Amino acid sequence: MAAKSPASVGRRFPEGFYWGVGTSSYQIEGAWNKDGKGMSIWDTFAHGPGNIKNDDNGDVANDHYHRYKEDVALMKSIGAKAYRFSIAWPRIFPEGTGQPNQKGLDFYIRLVDELLGAGIEPFATLYHWDLPQTLQDKYGGWRSKQTAKVFADYAGYMAAQLGDRVKHYFTINEFRSFVEAGYQVIDVDVGGGKKVRLGGAPGLTISDSELKQVRHHAVLGHGLAVQAIRAHSPAGTKVGFAENISVAVPVIDAPAYVKAAEMVTRERNAGFMTVMLEGRYTEAYLAEAGGGTPKFTEEELKTIASPLDFVGINVYKPRWYVEPSDEPPGYREIPLNASHPKMQSSWHVLDPEVMYWAPRHMQKIWGARSIFITENGCGASDVVAKDGRVYDSDRVMFLRACLGQLQRATSEGVPVDGYFLWSAQDNFEWIDGFGKRFGLIYVDFDTLARIPKLSAQWFREASRQNAVV
Ligand code: BG6
């Protein structure tokens with residue numbers, strides 16, 4: 001065994017920590033109409049002129065559907081011990097419900113077998129936004145409770161089919177993103193008479209009160225899916241969600257500030273995380289919702305808060321800095337300075353400390369006993385250099401800083417069991433099309449050639465040493 005560098009001693013993660021990478025179906029698979037797959041709302045949205053930068057779409061994407069063997073081998077070569085992928089619901093149920101499509105299921109069985117053969121633990125996400133188009137047409141998507149119910153049927157079916165191979169499931173990825181972006185699309189004026197559309201599939205704009213009902217149906221879908229997975233999978237199967245937590249960072253690391261940050265985090269995640277973990281909407285959330293909305297029953301709240309085996313949080317950036325206040329509600333949110341540093345994406349405010357506070361808040365506020373960082377990473381302006389390599393030094397800096405903060409959390413006893421870097425490879429970045437690169441592996445979208453970046457080298461060593469390197 002190679003010697004450990006002295007620097008990594010004391011910067012190690014707990015034994016058995018999962019070093020993982022993540023992707024999602026629509027962003028990498030391609031094969032959008034192959035082997036009986038039905039249309040998803042993202043197929044429809046991306047085909048709509050002007051919705052995606054350069055009118056890109058995911059029809060071919062990384063062609064992972066046909067190149068999964070090469071991709072699994074690459075993941076193994078860069079030190080991934082776990083892989084978080086998502087299942088395209090319309091590949092399994094082309095109409096959302098009814099008759100399953102064996103060929104679609106076979107793809108995921110082949111993929112999982114390839115992963116297990118490579119010693120990579122599969123973590124399956126059941127919904128990463130590619131809703132069957134039929135459910136959008138028939139029920140209005142997540143505007144209807146019916147979608148939550150059929151999502152659970154599909155989740156139970158997958159757990160039964162993959163139960164002998166897949167031991168970890170995430171129900172839904174980023175409730176906040178697909179609800180807020182998909183149901184409140186906005187056109188932003190970028191000057192010179194040009195407008196840019198911000199949002200995603202299904203590309204609707206509904207009222208605030210209806211939006212709250214959509215949120216409710218999404219968390220209800222999660223709760224029903226947890227129950228369905230438990231009912232159809234072997235003992236020992238684990239289930240949780242993967243939510244992009246809105247994180248408040250205390251301006252000063254002192255008790256009153258930390259308390260204020262915890263209060264803000266609990267309140268600002270009220271529509272998703274808080275109700276899933278507490279089984280109730282906060283008073284402030286209901287008051288803001290105008291009393292009557294969202295419509296829910298006590299029974300539904302119990303379902304939404306079905307016990308979980310772990311929580312998954314996607315952590316990219318701080319949402320607020322906070323300080324305590326003598327005025328109600330007891331805290332004050334501090335605006336971020338215009339000169340606050342950012343990574344490449346305009347939304348990506350930089351503060352690696354968020355990787356310490358996010359899991360610590362999960363433990364302190366909700367008593368979480370098993371936490372996964374289900375996404376963390378950054379976009380960068382990656383290019384292939386003359387020598388054929390990709391020198392993403394900013395990503396290496398970002399990862400080392402974030403993982404350093406995560407190690408600080410685990411060393412203080414915050415129960416983080418694994419980390420999934422977003423993303424295994426460059427892919428279709430939603431409305432940015434192929435214009436944003438988040439991968440450890442560079443993809444040439446003309447030839448589909450894959451090139452591991454400098455950051456992949458870094459990741460491999462961190463995984464090998466189980467430490468910040
Ligand atoms: C997360 C998503 O929001 O962030 C991923 O779960 C996405 O699917 C990633 O690719 C990067 O976000 P964006 O908006 O820059 O593509």
Side-chain angles (χ1 to χ4, degrees), residues 20-29 40-42 45-46 51-54 56-58 61-62 64 83-89 123-131 170-182 184-186 188 196-201 203 218 222 240-247 269 272-273 312-319 342-350 354-355 358 372-382 394-395 398-399 402 419-441 443 445 455:
V21 291
T23 63
S24 86
S25 44
Y26 186 73
Q27 294 182 273
I28 65 162
E29 283 179 3
S40 83
I41 56 171
W42 267 95
F45 187 76
N51 285 342
I52 311 290
K53 200 165 173 196
N54 299 324
D56 289 341
N57 60 54
N62 299 24
H64 170 74
Y83 177 44
R84 175 177 173 245
F85 63 98
S86 82
I87 294 164
W89 180 355
F123 285 67
T125 303
L126 292 159
Y127 186 72
H128 202 124
W129 313 348
D130 40 1
L131 186 79
F170 298 104
T171 52
I172 290 181
N173 177 69
E174 294 200 356
F175 297 77
R176 183 184 303 283
S177 301
F178 81 88
V179 170
E180 317 289 314
Q184 277 204 337
V185 170
I186 46 168
V188 181
V196 166
R197 178 150 288 194
L198 290 183
H222 153 81
F241 55 69
E243 170 61 336
N244 54 337
I245 178 176
S246 288
V247 193
N269 289 279
F272 301 111
M273 189 105 74
I313 45 175
N314 295 1
V315 183
Y316 288 91
K317 58 164 194 160
R319 192 69 186 268
K342 283 192 176 145
M343 299 306 290
Q344 188 199 30
S345 304
S346 56
W347 54 263
H348 201 168
V349 171
L350 173 65
V354 78
M355 276 301 260
F372 284 99
I373 304 301
T374 30
E375 286 185 24
N376 169 249
C378 64
S381 54
D382 306 327
D394 48 349
R395 184 172 290 109
F398 178 82
L399 295 178
C402 288
Y419 168 89
F420 292 89
L421 193 148
W422 186 271
S423 177
Q425 35 182 283
D426 297 340
N427 58 44
F428 177 85
E429 280 300 340
W430 308 114
I431 56 168
D432 289 320
F434 299 105
K436 283 264 158 61
R437 295 178 176 276
F438 274 75
L440 286 179
I441 295 169
V443 177
F445 289 104
S455 56

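Just follow the structure's listing: the first ligand is 1, and inside any ligand the first atom is 1. Note that the coordinates shown come from a computational prediction; the quantities given were computed from them, not determined experimentally.
Taking the six-membered ring for Trp and the full ring otherwise, the centers of Tyr316 and Trp347 sit less than 6.0 Å from each other.
Put simply, the side chain of Phe398 reaches to within 4.5 Å of the side chain of His348, judged on heavy atoms. Side-chain contact between Phe241 and Ile172 is absent, with no heavy atoms from C-beta onward closer than 4.5 Å.
Distances between N or O atoms of Ser24 and those of ligand 1 include no value under 3.5 Å. For ligand 1, the polar-atom distance check finds an N/O of Trp347 within less than 3.5 Å of one of the ligand's N/O atoms. Residue-to-ligand polar distances keep Ser177 apart from ligand 1: every N/O pair is separated by 3.5 Å or more.
Taking the six-membered ring where the residue is Trp, Trp42 and Tyr26 present tilted rings, their angle falling between 30° and 60°. Taking the six-membered ring where tryptophan is involved, the planes of Trp129 and Trp430 are tilted, since the angle between them lies from 30° to 60°.
Ionic pairing of Lys53 and Glu429 is not present here: no N-O contact between side-chain nitrogen and carboxylate oxygen is shorter than 4.0 angstrom.
Close approach of ligand 1 to Asn173 (heavy-atom distance below 4.0 Å) involves ligand atoms 6 (O). Set against the non-hydrogen atoms of Tyr316, the atoms of ligand 1 under 4.0 Å away are 1 (C), 4 (O), 9 (C).
Using a non-hydrogen distance threshold of 4.0 Å, Asn244 does not register as a contact of ligand 1. Contact between His128 and ligand 1 is present, with at least one heavy atom of the residue lying under 4.0 Å from the ligand.
To the nearest 0.5 Å, atom OH of residue Tyr127 and atom OG1 of residue Thr171 are 12.0 Å apart.
Considering only non-hydrogen protein atoms, atom 2 (C) of ligand 1 sits nearest to Glu375 OE1, 3.3 Å. Annotation: atom 16 (O) of ligand 1 to nearest protein heavy atom, Glu429 OE1, 2.4 Å.
Only the side chain of Gln27 comes within 4.0 Å of ligand 1, counting heavy atoms alone; its backbone N, CA, C and O stay farther away. Looking at Glu174 against ligand 1, only its side chain comes within 4.0 Å, counting heavy atoms.
The salt bridge (Lys or Arg N to Asp or Glu O under 4.0 Å) search around Asp130 returns none, not counting sequence neighbours.
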